[in-house]
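Here is how names work: the chains are called A, B, and so on, in the same order as the sequence lines, proteins then strands, and each is numbered from 1.
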Amino acid sequence: MSDRAVAEGARNGLFQQASLEFMRYFEDPTFMFSVPLELGGTLFQRKVWAALRRIPPGTTCSYGEMARRLGSSPRAVGNACRRNPCPVIVPCHRVVSANGLGGYAGATGGPLLARKRWLLAHEGVIVDG
DNA sequence: CAATTGTTTCGTC
DNA sequence: GACGAAACAATTG
């Protein structure tokens with residue numbers, strides 16, 4: 001986020017909206033975020049993130065499906081997901097690998113993966129692993 | 001198990 | 001800046 005955006009966000013009460021939506025999401029997994037985000041990044045990354053935001057809660061998508069939807073390759077999709085600037089709001093946790101769980105926030109194991117599983121479980125998704 | 005894929009990143013010129 | 005090589009949260013043969 002640019003400094004200017006931060007100042008503007010504060011002025012417009014976007015922080016308040018964001019935290020409100022966070023609380024709503026934690027109470028109700030079917031809630032979908034509507035806060036306007038400042039997604040920089042390359043064109044491809046924004047395409048991937050936009051696609052992520054269209055995944056309904058409680059549903060998962062494989063990297064392969066995303067790749068086909070975007071006319072790209074699974075590896076590239078994973079790359080873009082990894083650079084997701086806003087985890088949770090942009091639900092990169094709804095993207096799983098074909099034979100496992102995939103990764104989260106740059107990690108393929110450890111506590112971050114646990115967080116991903118927690119989020120999915122919160123939405124009623126059971127993952128094998 | 002190896003080959004392959006698209007995209008980003010890093011090192012060099 | 002431009003260019004080539006390596007790396008990556010995977011999938012397919």
Sugar-phosphate, base or nothing in reach of A:Ala105, heavy atoms under 4.0 Å: base

Closest listed nucleotide, where the reference is the side chain of A:Ala98 and the choices are B:dT8, C:dT11, C:dA9: C:dT11

N/O donor-acceptor pair under 3.5 Å between A:Lys116 side chain and A:Gly102 backbone: no

Whole angstrom value for the distance that separates P of B:dT5 from CZ of A:Arg68: 17 Å

A:Phe22 and A:Phe33 aromatic centres sub-6.0 Å: yes

Whole angstrom value for the distance that separates C1' of B:dT9 from CG of A:Asn79: 9 Å

Side-chain donor or acceptor of A:Asn84 paired with backbone N/O of A:Ala105 under 3.5 Å: no

Candidates B:dT8, C:dT11, B:dT5 - which lies nearest the side chain of A:Ser97: C:dT11

d(CH2, A:Trp49; P, B:dT7) in whole Å: 14 Å

A:Arg68, CZ: over 12 other non-hydrogen atoms inside 6.0 angstrom: no

Sugar-phosphate, base or nothing in reach of A:Tyr63, heavy atoms under 4.0 Å: base

A:Arg75 CZ - B:dG6 C1' separation (whole Å): 10 Å

Nearest-angstrom distance from the residue atom CG of A:Leu112 to P of C:dA9: 12 Å

Any-strand Watson-Crick or G-U partner of C:dT12, both distances under 3.5 Å: B:dA2

Minimum-distance nucleotide to A:Ser73 side chain [options: C:dA9, B:dT5, B:dT7]: B:dT5

Residue-phosphate contact under 4.0 Å: A:Ser72 side-chain N/O, B:dT5 OP1/OP2: no

Gap between atoms CZ and C1', on A:Arg83 and B:dT9 respectively (whole Å): 7 Å

Side-chain N or O of A:Arg82 closer than 4.0 Å to phosphate OP1/OP2 of C:dA9: yes

Length of the OH-C1' vector between A:Tyr104 and C:dC8, whole Å: 18 Å

Aromatic ring pairing A:Phe26/A:Trp118, orientation class (parallel under 30°, perpendicular over 60°, tilted between): tilted

Rounded interatomic separation in angstrom, taking CG from A:Leu70 and C1' from B:dT5: 14 Å

